[in-house]
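To start, the structure under review is shown below, and the notes come after it.
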Amino acid sequence: MKVKFWLLDVSHEPAGEASEIRLWGVDEEGRRILILDRGFNPSLYIIPSVDVEEARRRLISNPKLKKAASLVEAEERKLFGKSLTALKVEAKGQEAFETLAKALPKEGWVKEVLHGDLRASSQYLLSLDVKPCGWNQVEAREVKPPRNVKVEACFMAEGRPKAVEVLEVPSLRVLAFSPVYYSEIGSPNPLRDPVLALATVNSEGEAKVFTASESGDDRGLLEAFSSLVEAYDPDVIVGYGSNREDYPYLVQRAEKLGVRLRLDRTGHPPHQSLYGHFSVVGRANVDLLDFAEGMPEVKLKTLANVASFLGVKFEEPLEVGAGEAKRLWETGEGREKLKETCLRRAETVMGVAGVILDFAYQLSHLIGMPVDQVGAAAVGFRVDWYLIREAWRLGELAPKRVEQPYYPYKGGMVLEPEAGIHEKVAVFDFSAMYPSLMVKYNLSPDTYLPEGEREPEGGVYVAPEVGHKFRKKPPGFYKLVLEELMKARKQIRQRMKGLKPSQPLYRVLDARQKSVKVITNAVYGYSGWRGARWFRVEVAEAVAAWGRKTISDALAIAGKLNLKVIYGDTDSVFLGYEPDKVARFEAEVERQVGLEIKPDAIYERILFTEAKKRYAGLLQDGRVEIVGLEVARGDWCEAAKKVQEKVIEIVLREGDPSKAVEYVRQWIKDFKAGNFTLEDVTVWKTITKPIEEYEVRAPHVEAAKRLMAKGWKRYGDKVGYVIVKGSGKLYQRAEPYLTVSPSDVDIDYYVENQVVPAALRILQIFKINKNQLLAGIPPSKKEGLLKYF
DNA sequence: GCGACAACTCTACCA
DNA sequence: ACTGGTAGAGTTGTCGCG
């Protein structure tokens, strides 16, 4: 019989030669099903240094290799666009595959081994062009499910599955969860501290909160959570920070307590897998924090901030602070509060999931990577995997990842801005400049013509400045891929035009076009990334060079039309707005440069400092846009940002700097009078590496060290610190946020080094200096000194 | 030994 | 753990002074 299913997850049972691919999905009737496919074996491709037939004989004559191989045959393939005959070796199961992948590169007759780093389940999806989060069809017969496997129906594949183009996403069961841990000091430790509460919310809106016993025994909680997961049987489990925080904790905790955490569809706990994510067999584990990383607008990635940004409604608080959990747990009233917060968190996680999951499914489908991996995979690996799949369709083998030397190259062009205030400025953008250049000049690793090589018949494109050459024909890999992506995005957006945003299909399409855009925009960066399989720095270098040429040409055209140039960065130009010249400018650029340029925004008024990449402007619709300045940054305290924002607003809307000066003075007075919260003076900075690797004693590093002394760990997190009164270097006075009380705050530091500089950044344009901002404000007494005398 | 200044480290932004 | 270009704060090193 034919079974049609939406693929949720794929796993691999490496049972020797009887290895089995397991496809977990939802069928058309909405049943949760499992399809078993036996007899698929992972393969390797050998590029021999001898004749293929000779290579084949050599392999077969080696008993160890012969034993591991189930099939050896010559296959016509391409590598970097070059046709070649490879020797395909199918392994007898996973172990044999690993043996071959290890032994073959050492053979003298082997030049290169490819696909040795692609796991069996990946190869399966790849070779069949079957994609997760999409519909597929397979000829299969119903069988009894394997032991311990919980599904509504199980099938044995009798053919191989094939993708079916259907867009709809079936109705899935989603379960959001959020735990709260006990902790006395610092971070909770799973070997010591119990899980105090764990809340869940499902797609139907049913909520539950489990708690540890009176004495703090959380065995029952873990057991109850497992039972709930089994009973509800979700397809998707969502959490916030679950990959880096909750799963490691829950798994360790359960192990320590001897409780079996039965979260997956085989009754087992989650296990760590690719890209550091946790795999829950048969379900998709989606950590929304992974997706929040792709929202640069949200600086501090708390659940509350992300939910607010996405327009998800919730009530505060959503956090139980590390030390607070203990305190709350001790009283009946506190315990209720703790449970409420925990539940609110789970509800908010569900709310956020409602916004993000569509995108996650579509990204997974586009890239062909299971949805639980795609979130955790960095951009480079997403592109990598997308390209591997595209390559396969074109008969191309996936090159190996090879260690590459560092080779810096010149990037985009940034103009010196005309400092000051300008009225009526139009910003023009080249649409998708880098991808378009890659298509236009056929820039790709496989079209690159190394220096000294003879030029082909069809001719070459020569990159300006850098001189790299690329064959005009045939179309290169990147060109094919990018054309496909850009065409797809256009089609999707075309289809959306006939739909209302409220329609489910609109949401699916919108999510899809967004994921297409993400990949399209990442290909240039990928091409110059040393970890890329299709790495070729000359490609990236040529793209950037052509980009500089393109924008220079556009600027020259603007000059000819007597348009005033205010600023420009990489693919955008800021020009004095002259409505009657816009059409001519656009047309002339398109004619001479061959790329499309479009007006992106018109500013009524815009201000630039001397600095590049920093400006603020008032748009025609009345919105104020702030770019690059402190307001846009996450590493300045709120106080400085608020003041700067207000200064910008006054200057742009009212055009009155003296009013802004007055505002700042008043603000400082209030501030000195103690009118602020700790949040206003906290500076957040990321710990980007293990603490011992730091070469300097920076404030945020020292604050992090103080936290670590209390059991806080993990880099990659943001540390909030406050500068407190006292003497010595700044780093000696940087105290972790939450360990500080407002009376400790070194107000002078914040005035001198945060608020005034941020305000002055704007007001210096009007020749306003520090003294004018501080005039009439007496310097506060040096308390530190007074104490000693 | 001191202070001015340059060099370096670090982070986060723009495109 | 996609690229280069850029600003800015803060720490550390260096150099000339006398």
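By convention in this document, chain letters (A, B, ...) are assigned in the order of the sequence lines, proteins followed by strands, and residues within each chain are numbered from 1.
Between the OH atom of A:Tyr478 and the P atom of C:dT3 there is a distance of 12 Å, given to the nearest Å. Atom-to-atom, CZ of A:Phe608 to C1' of C:dA7 comes out at 15 Å; the value is rounded to the nearest Å. Look at CH2 on A:Trp534: it is 18 Å from P on C:dT3, rounded to the nearest Å. Taking atom OH on A:Tyr526 and atom C1' on C:dG4, their separation rounds to 19 Å, with Å as the unit. Between the CG atom of A:Asp384 and the C1' atom of C:dC2 there is a distance of 11 Å, rounded to whole Å. As a whole-Å value, the separation of A:Ile551 CD1 from B:dC14 P is 17 Å. Distance CH2 (A:Trp636) to P (B:dA12): 14 Å, rounded to an integer number of Å. If you take CD1 of A:Ile519 and P of C:dT3, they are 15 Å apart, rounded to a whole angstrom.
Of the candidate nucleotides C:dA1, B:dC14, C:dT3, B:dC14 has the atom nearest to the side chain of A:Lys613. Among the nucleotides C:dG4, C:dC2, C:dG8, the one closest to any side-chain atom of A:Arg614 is C:dG8. Between C:dT3, B:dC10, C:dA1, one nucleotide has an atom nearer to the side chain of A:Tyr694 than all others, and that is B:dC10. When the nucleotides B:dA12, B:dC10, C:dT6 are ranked by their closest atom to the side chain of A:Asp635, B:dA12 comes out on top. Taking the side chain of A:Val696 as heavy atoms from C-beta on, and the options C:dC2, C:dG4, B:dT9, the nearest nucleotide is B:dT9. Considering only side-chain atoms of A:Tyr731, the nucleotide from C:dG8, C:dG4, C:dT12 that sits closest is C:dT12. Here C:dC2 is the nucleotide among B:dC10, C:dC2, C:dA7 with the atom lying nearest to any side-chain atom of A:Ala378. Distances from the side chain of A:Ala522 to the nucleotides B:dT9, C:dT12, C:dC2 place C:dC2 closest. Side-chain proximity of A:Asn753 to C:dG10, C:dG5, C:dG8: nearest is C:dG10. In the set C:dG10, B:dA12, C:dG8, the nucleotide with an atom closest to the side chain of A:Arg761 is C:dG8.
Under 4.0 angstrom from either OP1 or OP2 of B:dT11 there lies no side-chain N or O belonging to A:Thr686. For A:His700, no side-chain nitrogen or oxygen approaches OP1 or OP2 of B:dC10 to under 4.0 Å. Distances shown here put a side-chain N or O of A:Lys689 below 4.0 Å from the OP1 or OP2 atom of B:dC10.
Looking at A:Glu638 and A:Lys641, a side-chain N of the basic residue comes within less than 4.0 Å of a carboxylate O on the acidic one, giving a salt bridge.
A:Ser527 comes within 4.0 angstrom of no nucleic acid atom, judged by non-hydrogen atoms across all strands. Note on A:Tyr567: nothing from the nucleic acid sits closer than 4.0 angstrom, heavy atoms only. Counting any heavy atom pair closer than 4.0 Å across all strands shown, A:Arg633 reaches a base atom. Using a 4.0 Å heavy-atom cutoff across all strands shown, A:Tyr749 reaches sugar-phosphate atoms only and no base atom. Among the protein residues, A:Gly411 comes within range of the sugar-phosphate backbone only, with heavy atoms under 4.0 Å from sugar or phosphate atoms but none that close to a base. Note on A:Val383: nothing from the nucleic acid sits closer than 4.0 angstrom, heavy atoms only. Counting non-hydrogen atoms under 4.0 angstrom, A:Tyr409 reaches the backbone sugars and phosphates but no base.
Aromatic ring orientation, A:Trp529 versus A:Phe381: perpendicular (interplanar angle above 60°, classes split at 30° and 60°). In this structure, A:Tyr567 and A:Phe608 have tilted ring planes: the angle between them lies in the 30° to 60° band.
Within a 6.0 Å sphere centred on CD of A:Glu692, other residues, nucleotides and ligands contribute more than 12 heavy atoms.
Figure legend: A:Lys689 and A:Tyr694 shown as a cation-pi pair, the cationic atom lying under 6.0 angstrom from the six-membered ring centre and within 45 degrees of its axis.
Map A:Tyr524 and A:Lys729 each onto its nearest nucleotide of DNA chain C; the residue landing nearer the 5' end is A:Tyr524.
When all heavy atoms of A:Ser431 and A:Glu596 are compared, the pair lying nearest together is OG-OE1, 2.9 Å. Among all heavy-atom pairs drawn from A:Leu774 and A:Val751, the shortest one is CD2-CG1, 3.8 Å.
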